[in-house]
2 protein chains.
Amino acid sequence: MTIRSQGVRLLARKISRRGGSIVTIHDVAQHVGVSPMTVSRVINAEKNVREETRKKVLEAIKVLNYSPNMAARSLASQDSTRVALIYSNPSMSFLSEFLLGILQQSSQSGCQLLIESCEGPEGVADVLDKLRTVGVDGVILPPPLSDSTRVAKALKDMKLPFVGVATSRPLPDVSSVSIDDFKAAFAMTSRLVALGHKRIGFIKGHPNSFYSELRYNGYVEALTKAGIKVDQACVGQGYFTYRSGFDAAESLLSRPDRPTAVFASNDDMAAGAVATAHRLGLEVPDDVTIVGFDDTSMASSVWPELTTVRQPISDMAALGLKMLLEQIKSKRQGQALKPVHEIRDFAIIERQSSSAPVPDAEVGRK
Amino acid sequence: MTIRSQGVRLLARKISRRGGSIVTIHDVAQHVGVSPMTVSRVINAEKNVREETRKKVLEAIKVLNYSPNMAARSLASQDSTRVALIYSNPSMSFLSEFLLGILQQSSQSGCQLLIESCEGPEGVADVLDKLRTVGVDGVILPPPLSDSTRVAKALKDMKLPFVGVATSRPLPDVSSVSIDDFKAAFAMTSRLVALGHKRIGFIKGHPNSFYSELRYNGYVEALTKAGIKVDQACVGQGYFTYRSGFDAAESLLSRPDRPTAVFASNDDMAAGAVATAHRLGLEVPDDVTIVGFDDTSMASSVWPELTTVRQPISDMAALGLKMLLEQIKSKRQGQALKPVHEIRDFAIIERQSSSAPVPDAEVGRK
DNA sequence: GCTGGAAATGGTAGCGCTATCATGCTTGGT
DNA sequence: ACCAAGCATGATAGCGCTACCATTTCCAGC
């Protein structure tokens with residue numbers, strides 16, 4: 001029996017390799033008493049397999065501790081998908097989490113990854129050129145690129161499927177996964193109100209950014225709902241950088257009727273605001289509560305650690321890649337691309353930079 | 001001719017797939033007029049190929065824009081190496097760069113990656129257990145794990161090859177890639193001296209950490225060499241955290257004879273020190289120069305941006321992975337593991353947080 | 001009970017590459 | 001000049017999996 005003798009030869013190899021962990025689809029098939037094809041079908045969740053058979057196979061897979069060989073799979077299925085990840089100067093800590101998610105997913109789905117950084121508008125063109133020559137099957141975009149209509153258009157012209165992660169403005173014909181920035185800002189502001197804050201400042205993000213606007217809108221809505229009037233003197237303009245938060249906070253916090261809480265629309269600006277508070281001799285959170293948005297590493301490295309809104313970045317990235325792979329698959333099957341918009345839940349992380357407002361008398365005592 | 005008809009079939013596929021970019025080793029071979037084997041040899045830089053042939057092949061590869069199919073390669077060579085990356089709470093921004101390097105290398109060498117995070121000593125045991133069951137071929141360790149003798153011992157017991165990146169204390173029998181922390185600290189301190197600083201403070205890192213010590217030694221050596229006596233009053237103890245830098249700087253900077261420059265042994269502490277300076281009403285760098293170490297994202301997100309020592313993290317990570325893969329290979333061939341220690345060059349990045357000391361009179365003018 | 005067609009399963013032939021051995025073609029020592 | 005030794009190259013056989021088609025099984029409907 002050819003198969004058997006082959007099996008023996010294999011066995012000899014197995015031992016010399018990674019601790020016996022080379023269990024193939026054949027082993028599983030043999031164990032159950034079906035053909036490898038059937039096992040393959042079960043693995044790929046194809047239909048046309050009797051429920052009973054499927055169960056037996058799944059059990060055998062568990063017993064034998066089988067895990068499919070990605071290389072073989074992608075070779076056989078001609079499905080060596082190459083996905084490009086283009087980033088442009090995001091917060092490094094954001095990227096880090098993002099990469100973790102992407103990595104997890106990509107090793108699971110056995111796709112090749114191409115990481116490209118690009119700076120400035122020409123950078124984008126260069127990178128796209130490169131993608132064209134190298135040949136990729138899809139692109140995944142972290143912010144801020146995920147919000148760029150220019151990039152979106154270019155990719156559409158190239159007929160490349162792509163998914164934006166953490167986009168604020170889901171373009172109608174582009175798939176994306178994000179959180180509800182408006183709702184998150186609303187929730188955070190409401191939380192501050194609930195703590196007892198009446199004068200709540202806000203530091204806006206970059207005016208070009210749509211999610212900057214969403215966050216601001218959430219803030220306004222929450223105040224309005226709480227019956228608090230929005231005072232433009234309490235709203236500062238920032239650009240998502242530490243420095244801009246630093247500066248914006250200065251004008252907010254040096255006012256005699258300074259806010260008792262400041263909501264910065266990202267963590268870098270919040271950290272800058274904390275620095276300003278300290279410089280002005282204000283304690284955080286005793287004299288002023290400062291909260292951020294994103295829960296980047298900055299939020300937990302500064303002191304006091306920032307209360308902030310957390311996006312499940314790594315999950316979102318993984319999901320985004322998964323969506324992208326699905327799109328690529330369906331594109332190959334000639335199906336039209338139906339854009340999907342996934343919304344993930346955010347969470348408010350309470351750390352040491354926020355508290356209920358402390359009455360003046362008490363603060364003065366210090 | 002079978003091969004030819006096969007080629008035709010292939011061609012039909014090519015068109016339907018990723019924009020014609022499926023050039024195989026056969027195409028290259030045919031183009032040159034040699035066998036696929038020879039091409040394979042050239043690709044893998046094996047010897048026993050005539051220089052003339054090699055050249056022709058390389059040229060054809062370029063002309064045809066061939067790039068090897070990783071899946072096929074790792075399938076054929078039975079070399080589906082799985083490498084685990086275990087990290088434990090490093091600076092996120094460090095991880096980010098680290099991952100970038102790893103990613104680049106891993107997609108180039110077609111190895112599977114397993115990312116695991118672990119917290120605390122039990123965490124390590126759990127993760128190692130997992131590695132055992134999943135089956136990995138090697139482990140790559142970013143700091144601080146790369147410095148852990150406990151982890152090193154555990155991995156050695158499992159007979160798993162591993163490489164530590166950015167280790168300070170290259171264990172004699174463990175491969176590693178790092179920079180010369182001592183030399184870097186020496187260089188940075190000397191730079192401060194060259195700027196004209198006489199009283200230079202230092203904030204130490206965590207006392208458990210060996211590289212913390214190396215950096216301190218570099219500082220001491222540089223001062224000594226410059227004929228400046230080390231004043232223990234100018235040396236603060238930190239723990240690599242922002243907060244600890246904040247606190248340590250307070251005692252250094254509130255002294256009447258405060259140092260005109262402070263060298264913190266990482267960026268987080270330097271950022272904390274900047275915050276303290278601001279809080280004390282000191283301008284950076286006019287009143288006090290503050291420099292860090294590592295060039296994490298923190299360094300360029302705070303304001304003023306930090307002058308710091310940069311490690312080529314992403315390069316180091318890539319190199320580390322490459323070394324690891326080589327070790328795995330040679331282990332499979334039954335060769336003994338010879339630990340290798342690679343040293344990469346660091347660079348001093350000058351940003352806005354450092355300058356020559358400003359004479360008292362001038363400062364007073366402000 | 002028999003037939004037709006759908007559902008379930010199996011067989012075969014590679015995916016692109018490399019390990020291995022076989023084969024030519026050089027060398028150089030005697 | 002002859003043969004062992006060495007080098008450059010080629011032919012063959014899979015790696016583990018899946019696409020595709022062939023076959024078997026099953027059951028509805030007459």
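Below, chains carry the letters A, B, ... as their sequence lines are ordered, and counting in each starts from 1. None of these values were measured; they are calculated from a predicted model.
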Gap between atom [atom2] of [Y] and atom [atom1] of [X] - 0.5 Å precision:
| X | Y | atom1 | atom2 | value |
| --- | --- | --- | --- | --- |
| A:Met316 | A:Ser178 | CE | OG | 6.0 Å |
| A:Leu128 | A:Ile86 | CG | CD1 | 5.5 Å |
| B:Phe162 | B:Leu145 | CZ | CG | 10.5 Å |
| A:Lys55 | A:Glu52 | NZ | CD | 8.5 Å |

Inset, instruction - Go through the side-chain N and O atoms of B:Ser175 and B:Gln327 and say whether any donor and acceptor fall under 3.5 Å apart. - result: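 Side chains of B:Ser175 and B:Gln327: pair found under 3.5 Å.
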Distance check needed: [N] [atom2] versus [X] [atom1], whole Å only.
| X | N | atom1 | atom2 | answer |
| --- | --- | --- | --- | --- |
| A:Glu46 | D:dA19 | CD | P | 7 Å |
| A:Lys47 | C:dA8 | NZ | P | 10 Å |
| A:His26 | C:dT12 | NE2 | P | 12 Å |
| B:Ile25 | C:dG14 | CD1 | C1' | 17 Å |
| A:Asn69 | C:dC17 | CG | P | 16 Å |
| A:Ile43 | D:dC17 | CD1 | C1' | 8 Å |
| B:Met70 | C:dC15 | CE | C1' | 16 Å |

Inset, instruction - For DNA chain C, find the residues of residues 50-60 of chain B with a heavy-atom distance under 4.0 Å and give them by number; none if there aren't any. - result: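 Result for residues 50-60 of chain B: none.
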Give a yes/no on whether any side-chain N or O of [X] is located under 4.0 angstrom from OP1 or OP2 of [N].
| X | N | result |
| --- | --- | --- |
| A:Ser77 | C:dC15 | no |
| B:Ser40 | C:dC17 | no |
| B:Arg73 | C:dT18 | yes |
| B:Asn44 | C:dT18 | yes |
| A:Asn48 | C:dA8 | yes |
| B:Thr24 | C:dC15 | no |

Legend entry - Donor-acceptor pair, side chain of A:Thr53 and main chain of A:Val49, under 3.5 angstrom: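 A pair under 3.5 Å: no.
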Inset, instruction - Mark yes or no for whether B:Asn69, through its side chain, and B:Ala71, through its backbone, hold a donor-acceptor pair below 3.5 Å. - result: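 Judged by distance alone, yes, a pair lies under 3.5 Å.
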Legend entry - Test side chain to side chain donor-acceptor pair (under 3.5 Å) applied to B:Gln311 - qualifying residues, sequence neighbours left out: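 So B:Gln311 forms a side chain to side chain donor-acceptor pair (under 3.5 Å) with B:Asp294.
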Legend entry - Candidate nucleotides C:dT18, D:dG16, D:dG10, ranked by approach to the side chain of B:Ala76 - the nearest: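 Looking only at heavy atoms from C-beta outward on B:Ala76, the closest nucleotide is C:dT18.
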Inset, instruction - For A:Arg54, enumerate each residue passing the salt bridge (charged side-chain N to carboxylate O under 4.0 Å, His left out) test, keeping only those at least two apart in sequence or located in another chain. - result: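 Expected list: A:Glu51.
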Legend entry - Under the salt bridge (charged side-chain N to carboxylate O under 4.0 Å, His left out) test, residues paired with B:Lys130 that sit two or more places apart: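 So B:Lys130 forms a salt bridge (charged side-chain N to carboxylate O under 4.0 Å, His left out) with B:Glu116.
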Legend entry - Axis bend over the full length of the helix from C:dG1-D:dC30 to C:dT30-D:dA1, computed from five pairs that close each end, to 10 degrees: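 The end-segment axes of the helix from C:dG1-D:dC30 to C:dT30-D:dA1 are tilted 40° relative to each other.
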Inset, instruction - Search all heavy atoms of A:Ile328 against all heavy atoms of A:Pro161 and return the closest pair with its distance. - result: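 What the structure gives for the nearest pair is CG1-CG, 4.0 Å.
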Legend entry - Flag if over 12 foreign heavy atoms under 6.0 Å of CD, B:Glu59: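 Check fails, neighbour count at 12 or below.
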Inset, instruction - Could you encode protein contacts along nucleotides 22-27 of chain C as a string, one character per nucleotide from 5' to 3', using B for base contact, S for sugar-phosphate-only contact and - for no contact, with a heavy-atom cut-off of under 4.0 Å? - result: ------
Legend entry - Sugar-phosphate only, base, or nothing, as touched by B:Pro68 at under 4.0 Å among non-hydrogen atoms: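 B:Pro68: backbone/sugar contact only, no base atoms under 4.0 Å.
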Inset, instruction - Assign each of B:Ala72 and B:Met37 to its nearest nucleotide of DNA chain C by heavy atoms, then name whichever residue's nucleotide is nearer the 5' end. - result: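 Whichever sits nearer the 5' end wins; that is B:Ala72.
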